[in-house]
Amino acid sequence: MKIAVGSDHAGFEEPKPFYKPALVAHVASLGHEVIDCGTDGPASIDYPDIAASVAQKVQDGEADRGVLLCGTGIGVGIMANRYKGVRAATCATAEMARLARDHNDANVLCIGRRVLSLDECLRLIDVFLTTPFSNGERHQRRVAKMG
Ligand code: RB5
């Protein structure tokens, strides 16, 4: 799949390893094509700008899925959900990531540097990128109601 990956400066917070490059490397190592939407260093950048870049690519079909990182995963999620066809899920556990796919057909995963370890982030990405939408009738109906 084509995966748009973006992070604000939280992805370059000390201590190392920096999360943003680790997420990009991990997604690529899974065999996906990464569309890197920045940022590229620790300079402060507004999370809505990064979230907009990722969400626009998902909305336009340039990316199949998105992965967004900020301090908590909350701000990027709020912004990404303003884009039509984007269903962004802020997740803190693997079960949330699984259900976001299985029930909500979420297409953007939002995670937080300040609330999750790097290993937890990578685990959530693995689950998010491998779990299919259930396609259950009730789930299809509910997702359709969100436009
Ligand atoms: C930036 O300091 C921080 O506010 C941002 O990364 C995010 O946590 C917002 O939701």
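Along the sequence shown, residues carry numbers from 1. Read the numbers this way: they start at 1 and go in the same order the structure lists the ligands and their atoms.
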* Any chance CZ of Arg123 has more than 12 other-residue heavy atoms, nucleotides or ligands included, within less than 6.0 Å? -> no
* Looking only at atom types and distance, does a side-chain atom of Asn81 sit under 3.5 Å from a main-chain N or O of Gly77, one as donor and one as acceptor? -> yes
* Side-chain donor-acceptor pair present, Asp102, His139, cut-off under 3.5 Å -> no
* Does the pair Asp8 and Arg113 meet the rule for a salt bridge (Lys or Arg N to Asp or Glu O under 4.0 Å), with working shown? -> CA-CA 10 Å; Asp8 72 357; Arg113 162 68 175 89; over 6 Å; no
* To do: Please confirm whether Arg65 makes a cation-pi placement over Phe128, using NZ or CZ under 6.0 Å from the six-membered ring centre and within 45° of the ring normal.
  => yes
* To do: Heavy atoms only: give me the nearest Gly112-Cys121 pair and the separation to one decimal.
  => O-SG, 4.4 Å
* Structure fact -> Within the heavy-atom cut-off of under 4.0 Å, ligand 1 is lined by Asp8, His9, Tyr47, Cys70, Gly71, Thr72, Gly75, Arg114
